[in-house]
Amino acid sequence: MKHWIGRRVVVQRRDGGKVTMEGTLKAWDGIQERIVLAPGDISVPFQAIAKIEQANHSPALNSIGYMVNHSIQFDNAVYFRSSVMVWRGDTLAAYQAVLTAHDAETVTLSNGMRLRKDEHRFVVRSLRGRS
């Protein structure tokens with residue numbers, strides 16, 4: 001487990017303390033038989049640990065998005081580098097495009113392509129973490 005030092009972990013306890021703890025594994029102390037979690041330098045004895053696993057908080061895209069219609073929505077999509085699906089009629093033109101700029105009539109994608117707003121629909125799919 002020493003190779004997990006510096007990584008986010010989830011610790012399930014069996015000693016009646018807080019059942020599940022999450023943090024960054026700061027130290028693995030074989031001499032004192034304990035681990036140390038950050039933040040807070042929380043010390044957990046080996047005998048109190050039922051299970052340690054690497055935390056999996058990789059975000060995923062929501063399956064449902066919202067149509068981008070207003071200038072402020074385009075501004076936010078550019079600012080937050082949101083994943084955007086681009087539709088032209090019933091055809092998917094881009095699955096995970098990133099908007100880099102927009103004006104009253106056009107949108108510029110990260111690959112340099114410029115698309116007309118009146119010919120395309122833009123659907124933002126926000127990120128969600130593991131629940």
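Both backbone and side-chain heavy atoms feed into the values below; hydrogens, waters and symmetry mates do not.
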With sequence neighbours excluded, what pairs up with Gln32 under the side chain to side chain donor-acceptor pair (under 3.5 Å) test? Arg34
Once rounded to the nearest 0.5 Å, what's the spacing between atom CZ of Phe74 and atom OG of Ser82? 12.0 Å
Flag the pair Lys117 / Glu105 as yes when at least one side-chain heavy-atom distance between them is below 4.5 Å, and no otherwise. no
Go through the steps to decide whether Trp28 and Phe46 satisfy the test side-chain contact (heavy atoms from CB on, under 4.5 Å), and finish with yes or no. CA-CA 10 Å; Trp28 183 277; Phe46 287 169; 3.5 Å; yes
Honestly curious: do Val68 and Val78 fall in one hydrophobic cluster under the side-chain, below-4.5 Å linking rule? yes
According to side chain to side chain donor-acceptor pair (under 3.5 Å), who are the partners of Asp118, at least two apart in sequence or on a separate chain? Arg116
Side-chain heavy-atom pair Leu109, Leu99 within 4.5 angstrom cut-off: yes
Ala97 and Val86: which non-hydrogen atoms are nearest, and at how many Å? CB-CG2, 4.1 Å
Under 4.5 Å side-chain linkage, directly or through intermediates, the cluster mates of Phe80: Tyr79
Could you check whether atom CE of Met67 has more than 12 heavy atoms from other residues, nucleotides or ligands sitting under 6.0 Å from it? yes
Is any side-chain heavy atom of Met21 closer than 4.5 Å to a side-chain heavy atom of Ile42? yes
Indicate, with yes or no, if Val98 and Trp87 share a hydrophobic cluster defined by side-chain heavy-atom contacts under 4.5 Å among Ile, Leu, Val, Met, Phe, Trp and Tyr. no
Show your reasoning for whether side-chain contact (heavy atoms from CB on, under 4.5 Å) applies to Arg88 and Glu119. CA-CA 6 Å; Arg88 183 173 185 155; Glu119 295 175 355; 3.6 Å; yes
Sorted by chain and number, sequence neighbours left out, salt bridge (Lys or Arg N to Asp or Glu O under 4.0 Å) with Asp41 holds for Lys26
With a 4.5 Å heavy-atom cut-off, do Thr24 and Leu37 have their side chains touching? no
Can you confirm whether Leu115 sits close enough to Phe122 that some side-chain heavy atom of one is under 4.5 Å from a side-chain heavy atom of the other? yes
Step by step, would you call Ile35 with Ile49 a side-chain contact (heavy atoms from CB on, under 4.5 Å)? CA-CA 9 Å; Ile35 63 169; Ile49 299 171; 3.9 Å; yes
Please list, chain by chain and in numerical order, all residues satisfying side chain to side chain donor-acceptor pair (under 3.5 Å) with Asp75, sequence neighbours excluded. His102
Could you tell me if the side chain of Gln54 sits less than 4.5 Å from the side chain of Leu25, heavy atoms only? no
Please assess Arg13 against Lys51 for the test side-chain contact (heavy atoms from CB on, under 4.5 Å), listing each intermediate value before the final yes or no. CA-CA 7 Å; Arg13 296 182 64 146; Lys51 181 177 171 183; over 6 Å; no
Has Arg121 got more than 12 heavy atoms of other residues, nucleotides or ligands less than 6.0 Å from its CZ? yes
Counterpart residues, salt bridge (Lys or Arg N to Asp or Glu O under 4.0 Å), relative to Arg81 (two or more places apart): none
Quick one: CD on Glu22 to CZ on Arg8, what's the gap to the nearest 0.5 Å? 4.5 Å
